[in-house]
Amino acid sequence: LDRYNRVTEDVVRELKKICGPRGVLTGGSKSLHIYSHDQVAGKTYARAPEVVVKPSTNEEIVSIIKLANRHRIPVTPRGAGSGLSGGAVPIYGGICLSVERMNRILEIDRENLMAVVEPGVVTNKLDAALREYGLFFAGYPMSEEFCFIAGNVAENAGGGKAIKYGVTGKYITGLELVTPLGDLLQLGGKRFKDVTGYDLVSLMIGSEGTLGVFTKIFVRLLPRPLHRITLLALFEDMETAIALVPIIMTQGRLIPTSIEFMDQLCLHATCKQLKETIAYEPAGALLLFEVDGKDENQVRRDATTIQQLCEEHLAQKVYVAETEEESERFWRIRKQVPWVLKRINPAQSLEDIVVPIARIPSMMETLMQIGEKYDVLIPCFGHAGDGNLHATPLKNPEHSGEHWERILPEILGDIYRAAAEAGGTISGEHGIGHKRKGYMELVMSKTQIEMMRSIKRVLDPNNIMNPGKIFD
Ligand SMILES: Cc1cc2nc3c(=O)[nH]c(=O)nc-3n(C[C@H](O)[C@H](O)[C@H](O)COP(=O)(O)OP(=O)(O)OC[C@H]3O[C@@H](n4cnc5c(N)ncnc54)[C@H](O)[C@@H]3O)c2cc1C
């Protein structure tokens, strides 16, 4: 901490000169509370900034970063604060730089299938604007109703459609950013191909706010699929359900848009909460499929293939949504899971491991053993199509808070080690932030980590840009 200086009244005065008095938030911890955490549960990972700035232009951001370097004050870029790794939490205090005011869609360029947006655009708003152009941004996560596009890029977010369309980074062809030393820079642009030197756009994607503040984002768009069908299949147990995933792709010869899964605890708790009428009670697992495309008949054929394969492979029941309302209803069951688990017990840890898809069943078995070892429940849901599992250890209500704080790092260590041993890794989409940085050596060599540190040192010699994230 003593590497950094405090935000003094003089600094606040300078910040107000830069952003105007309404662009600077100070005061007691109450007014800054909202900026002290993201969606990671518990107070362990929270820390309030000393001041929040809400710039509305690039020039303001450049001035803020130069000031921060001069005074050696840390700066943490912040989007909507929906992150699940503590990435936007200013762990050394200092300045929280919120991009919430920079929320304009600057251009939808239909001829080039590109959108150019400011960092604070809510992801769903971009999608809504693209609708009338017959286009869409395929890389978005399932928090799209509230997260910002800059947060998606900084985390390289994935989501429910990643199996067919890939993750956010695949659709980012250019970035304008303010570097940690305060230079305004554009990398890439409206071009689908670019091998001119090192791929610095890719370096920035997933950099978790540690290598610069994104001020403009170039998003590659796709023609919007005209039709979609959602299917919900119930199975006796996870093993039967997950065994079907590769069969759909190999025997069915199709890549669905989505293959999501929920285990028994997630399924029962969510359906109960939503007063669902699907026959979930005898079921031990759920798979949710979606297929989309331009040709209605092809989409129907794909849906029929999935339905038949589910039935041939012991699905207890398959529901096919024919209307948008029904599709939304099925997706609501999946999207509600994290909120329902939070209601069951806010003392929890929503995880994000990823394993090769064929290892999902053995990983689920290992999660059960880890749960038994520590006497806690570890419900699991996520993206079966790409092996991204949201295992979520919940505090046992019979354990004390201190006991939970003590065993949680051990539980996480066991889960991460098991993922690594299965050929996977500790985060598929939520990032490392400061929540998972202590576990990086489980999945990365010292040389790899040192390589990342060297890049950070060169670009941010004063270590003011979101310090303490990904690695110390
Ligand atoms: C219910 C729920 C569902 C979710 N589903 C998914 C999902 O399906 N897939 C998925 O990947 N994630 C998911 N998430 C996690 C989260 O929504 C994503 O990580 C999202 O991309 C974060 O965006 P944000 O704007 O909230 O970023 P924040 O949480 O504010 O910040 C995240 C990181 O981005 C950096 N950052 C923010 N703005 C900038 C900028 N302008 N320049 C540089 N760095 C910046 C921050 O410093 C921080 O490191 C979910 C979260 C919730 C609560």
Side-chain angles (χ1 to χ4, degrees), residues 34-41 45 49 54-55 58 61 65 74-91 95-103 117-124 139-163 166-169 172 175-180 204-217 258 260 331-332 334-342 350-352 354 381-383 386 388 390 392 427-435 437 465-470:
I34 191 171
Y35 299 93
S36 71
H37 60 89
D38 58 6
Q39 285 295 324
V40 173
Y45 299 104
K54 302 178 185 182
N58 290 349
I61 298 181
I65 301 300
V75 180
T76 304
R78 185 177 178 94
S82 73
L84 287 166
S85 56
V89 176
I91 56 171
I95 300 169
C96 165
L97 192 159
S98 167
V99 293
E100 65 200 81
R101 281 179 162 186
M102 298 175 76
N103 57 5
V117 300
E118 288 188 332
V121 171
V122 173
T123 312
N124 232 7
Y140 60 83
M142 289 170 74
S143 49
E144 74 267 23
E145 283 144 30
F146 41 90
C147 63
F148 293 174
I149 189 90
N152 302 164
V153 178
E155 296 291 359
N156 197 8
K161 297 183 178 181
I163 175 177
V167 297
T168 299
I172 306 304
L175 286 170
E176 180 189 80
L177 68 140
V178 176
T179 69
M204 294 297 156
I205 293 166
S207 61
E208 302 193 22
T210 63
L211 297 181
V213 183
F214 307 147
T215 53
K216 204 189 273 179
I217 296 162
S258 314
E260 298 291 302
W331 272 106
R332 195 164 57 243
R334 165 63 183 86
K335 287 188 178 182
Q336 275 298 309
V337 178
W339 306 111
V340 170
L341 292 180
K342 252 194 175 167
L350 173 48
E351 291 309 313
D352 176 38
V354 61
F381 63 101
H383 316 291
D386 52 35
N388 194 190
H390 297 319
T392 309
S427 176
E429 55 182 28
H430 296 164
I432 301 304
H434 70 121
K435 187 183 173 191
K437 67 179 174 184
M465 190 62 73
N466 207 2
K469 305 298 167 59
I470 308 178

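All heavy atoms count here, side chains included; hydrogens, waters and symmetry mates do not. Both ligands and their constituent atoms are indexed starting at 1 by order of listing.
- Counting only non-hydrogen atoms, the option in G151, S143, S427 that gets closest to atom 17 (O) of ligand 1 is S143.
- When only interatomic distances are considered, the shortest N/O to N/O separation between P119 and ligand 1 does not fall below 3.5 Å.
- Note on ring orientation: taking the six-membered ring where Trp is involved, the planes of H390 and H430 are parallel (angle under 30°, cut-offs 30° and 60°).
- The closest protein non-hydrogen atom to atom 33 (C) of ligand 1 is E155 OE2, 3.2 Å.
- Not a single N or O atom of F146, backbone or side chain, sits closer than 3.5 Å to an N or O atom of ligand 1.
- By heavy-atom distance, the residue among A88, P77, G86 lying nearest atom 47 (O) of ligand 1 is P77.
- Residue E429 has at least one nitrogen or oxygen atom sitting less than 3.5 Å from a nitrogen or oxygen atom of ligand 1, judged on distance alone.
- For atom 9 (N) of ligand 1, the nearest non-hydrogen atom from the set G159, A157, G158 belongs to G158.
- Residue Q39 has no nitrogen or oxygen atom sitting less than 3.5 Å from a nitrogen or oxygen atom of ligand 1, judged on distance alone.
- Those atoms of ligand 1 that come under 4.0 Å of a heavy atom in A154, given as number and element, are 34 (O), 35 (C), 36 (N), 44 (N), 45 (C).
- The shortest N or O to N or O distance between M142 and ligand 1 is under 3.5 Å.
- Close approach to G87 involves these atoms of ligand 1, each under 4.0 Å from a residue heavy atom: 47 (O), 48 (C), 49 (O).
- Residue A80 has at least one N or O atom closer than 3.5 Å to an N or O atom of ligand 1.
- Using a non-hydrogen distance threshold of 4.0 Å, G212 registers as a contact of ligand 1.
- Residue-level proximity to ligand 1 for H430 is carried by the side chain, the only part with a heavy atom below 4.0 angstrom.
- Here atom 49 (O) of ligand 1 lies nearest to E208 when heavy atoms of H390, E208, M465 are compared.
- Annotation: side chain of H383 is in contact with side chain of E260 (closest heavy-atom distance under 4.5 Å).
- Residue V167 does not touch ligand 1, judged by heavy-atom distances below 4.0 Å.
- Where the criterion is an N or O separation shorter than 3.5 Å, residue side chain and backbone included, P338 fails it with respect to ligand 1.
- Considering backbone and side-chain atoms together, S82 places an N or O closer than 3.5 Å to an N or O of ligand 1.
- Looking at G83 next to ligand 1, an N or O pair under 3.5 Å apart turns up.
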